[in-house]
Each structure stands twice: as C-alpha cells, then as structure tokens.
Amino acid sequence: MNQHLHQAGLKLFKLLARHGESLMHGYLNGSLDESQLSSKQIESLLKAGVIWRPAADEGLHLSSHLRGLLEEALSDTRNRQIDANVGSRLDTIKTLAAHYKEALHIGDLAAAEVYLNDLSEHSYSLTESLRHSSRVLWGRINNEFGYVPSLSAKIRENELAQQQVSELLNSLALLNFDSLSQIAGDIRELRRILVLHLSQAVHDCTQELAVVQTRLLTLLGRFRELRGKSRLLKGLQLFHAQHPEFKAHDPSQQLDVPSLFNQAAALIAPASVDIHNSQHEQDLLLLVSQLAPRQASKLTPAEPERAVMLSETELFALQEQRIKQDVENYLLAVIENAVGQTALDYYQQNQLQWDAEAWLYQVWGSYHALPEEQRNYFALDPIEDPHPQFSGNRIVRDLQVWLR
C-alpha cells in the first residue's frame, strides 16, 4: 500500500469535512461565501483543487469533479450533465490494449498485469459513464423536468435531452467491435474486456436510449399542447383585462355556431320510411288514406272504360312477351357465337324498338330469373362509370354477357 497516497486521501476527506457547510452553500447557491472563510482556508481549498476562481474579480466556485460527486450522491438532476465523449476513452482503451499485448510479447508479466488492470478500469469507467447517462435521462423524465418552473423551460430541457440522446447514439456508433475483436486477437482477457463486456453494455444502452427517445417525444408533445392551452387562456385573460365591458353572445342564438361550442349531437336524427317493417304498417296505411285521391277523367259510359283498360293490359302483356323473347334470342346468340357480347351492341345490331334503358333492365331481370343450372352457363358483368357528382355511386351504362 502506498502510504503517502493513503495520507493524502485522509487529508482531503478531513478538509472536506471541516468546510462541509461552506461547500454545500456554494453547491446550492453557485458560489461560496468568502466572508465565512479565512484566506488560509481558501488557499488550502484552492490548492486541493476543491474550488476554483474563474477570474480575479469573480467569486469562488466548486470544481466540476466535486459537483459531479455531489450530484451523483444526492441524486440531484438539476445540473447533472451527460458525458458523451466516447472517442477519447476508446482511444485510451486501444492504447492500453496495445501496451498489454507488447508486454506479453516481450515476457514482462508485471507490466502486463498493470496494463490489464488499467484497461479493466477504463473499460468499467466507460460502461458506467454510459449507464450513468441513461440514469440521468431517466431521472429527468420521471420527474418531468420538475426542476424548472415554466413550460417553456421544460420544453428547452426536453430538446436538450433529445440532443444528448442523439450525441450518445452517435458516440456508441464509434464502438466498432470488428476492429476491437481484431485488436483483442486470441487473447482471452482482451476479448472479455473489449468485446464481451463492452458489447453487452452498448446493447443495453442502445435499447434503453430508444425507449428514452420515445418518452421524450411523448413528453414534448404534451408540453407543447399545455403551452398552447395556457397561451390561449392568457390571451383570453388579457383580452378581458383590456375590454372589461365585453360580454360574450349566446352561441345558441347564432345561426353560424362556432365549432368550439357546437359539440352536441343533433337532437333529431335523419330518418326515412321503412316499408319492410311490419310494425309501421298501420301508420303507413293511415298516411296513405289521408292523401287526396287523384281525380280520374270523367267518362260517361263505364263499360267502354273497362274495355279500354282491358285492351291496354293485353297490349302490355304482348309487349312483355316480345321483349322476353328478344332477350332469349340474345342469350342464344351468345351461346351460338361462343363470344361475349354487350346488350347494347346486340340491341343496335338487331335494331330493336325497345327503350335502351328498359332493354337493359329486361336483360338483367331475365338473367336472374333463369334457373340456377342454366344461369351457371352465363356470366353477367356490368360496365360501370363513376358518378360525376356523388362519390361512391356508379352508373351502369351497359351489360356484358359471356359464356363461363
């Protein structure tokens, strides 16, 4: 054991214990109260590197090492920073690995043991620094940046944390385990330190930082939403302060109700008659009975009127039979030609006298009226176009029949 180093350490701890109250005052307030210390005490603290003075006309401040120790011991997240300087530490680790391999090569086992201990210490320090950075970020997230008072400050702290996460991820990308594996070679101790230990730490930190980024983005969105709402309320409060006589109008009395107040659903939902509901049959019959009947043309003899109606019925039946026969001829033509043909093409080729729309309806109805065993021989495809005004509606402009 190095007795001189032991005595120096005890002397430093005693110095910190004697001036603990002044040092904590400097930690909480940013600078030490020089009136509570003598010039000799200040000189001893400066010599020990516990405090420092930026300039001759400025106050005394705690050193960064002592402040970091207090922040870690007290779990204080107000000023704790993240060390993302992985590159310099990685260079030191590579240098120590080269020293260790050289010492083994020349057979200097004592020096190799010293280099291996230093290498283990630097590797452990690097991994602990990465885990410490993750703990710092989680500490800020868990208290939702409660160490700053305003939403704007929380947003700035959140953006700083996101930038630090990006820097940490970029630093982790510097750890190229292919090159580290080549440096370690077949030496078991080096592979355990440079490959196994570091790769596990990098894997854990990468996964944890990915979760941290997600939480930070969620918090940032919520902070911005709260800030927008608070600005809206502050603007309304300022408007009322500048216009004390202002009185809001009743939104229910306006024709154009703002969407902010128009949140209620319609009192009367849109409705339509359901003629297939048997429960409404009596109501519908009552409504129909109240309709004014159309006045028929006055014909003196009743018998001729019935005769005319009979003849019109017979004429309609004859026309129905004829158009059905034309549809059957159309289907037979499809079978004979064994080629699909549209209904309007057949209609124009044979110069049928029917209305084109009535012809299409008849083709559609006759196809679906066929027995299933006959209908399976044909396939009916509508030729459609989208409606020019109403989305979702389609217009059937022709029908095509073809053999399956």
Could you check whether any side-chain N or O of [X] sits under 3.5 Å from a backbone N or O of [Y], counting only pairs where one atom can act as donor and the other as acceptor?
{"X": "Ser123", "Y": "Ser120", "result": "no"}
{"X": "Asp398", "Y": "Thr342", "result": "no"}
{"X": "Ser199", "Y": "Leu196", "result": "yes"}
{"X": "Trp354", "Y": "Ile323", "result": "no"}
{"X": "Tyr330", "Y": "Gln341", "result": "yes"}
{"X": "Asn350", "Y": "Leu352", "result": "no"}
{"X": "Asn142", "Y": "Trp138", "result": "yes"}

Taking every non-hydrogen atom, the tightest pair across [X] and [Y]:
{"X": "Leu190", "Y": "Ile183", "answer": "CD1-O, 4.3 Å"}
{"X": "Cys205", "Y": "Leu172", "answer": "CB-CD1, 4.2 Å"}
{"X": "His368", "Y": "Leu380", "answer": "NE2-CD2, 4.4 Å"}

Close side-chain approach of Glu225 to Lys229, heavy-atom, < 4.5 Å: yes

Donor-acceptor contacts, no H, no angles, side chain residues 209-220, under 3.5 Å, sequence neighbours left out:
| from | atom 1 | to | atom 2 | distance (Å) |
| --- | --- | --- | --- | --- |
| Thr214 | OG1 | Ala210 | O | 3.1 |
| Thr218 | OG1 | Thr214 | O | 2.9 |

Salt bridge (charged side-chain N to carboxylate O under 4.0 Å, His left out) partners of Arg191, counting only residues at least two apart: none

By ring-ring contact (aromatic ring centres under 6.0 Å, His included) - contacts of Phe13 (at least two apart): none

Qualifying residues under ring-ring contact (aromatic ring centres under 6.0 Å, His included), relative to His19, sequence neighbours excluded: none

Within the 6.0 Å centroid threshold, strictly below: Phe239 and Phe246: yes

Contacts of type side chain to side chain donor-acceptor pair (under 3.5 Å), residue Asp381, not counting sequence neighbours: Trp402

Residue pairs fulfilling salt bridge (charged side-chain N to carboxylate O under 4.0 Å, His left out) with at least one residue in residues 341-368, sequence neighbours excluded: none

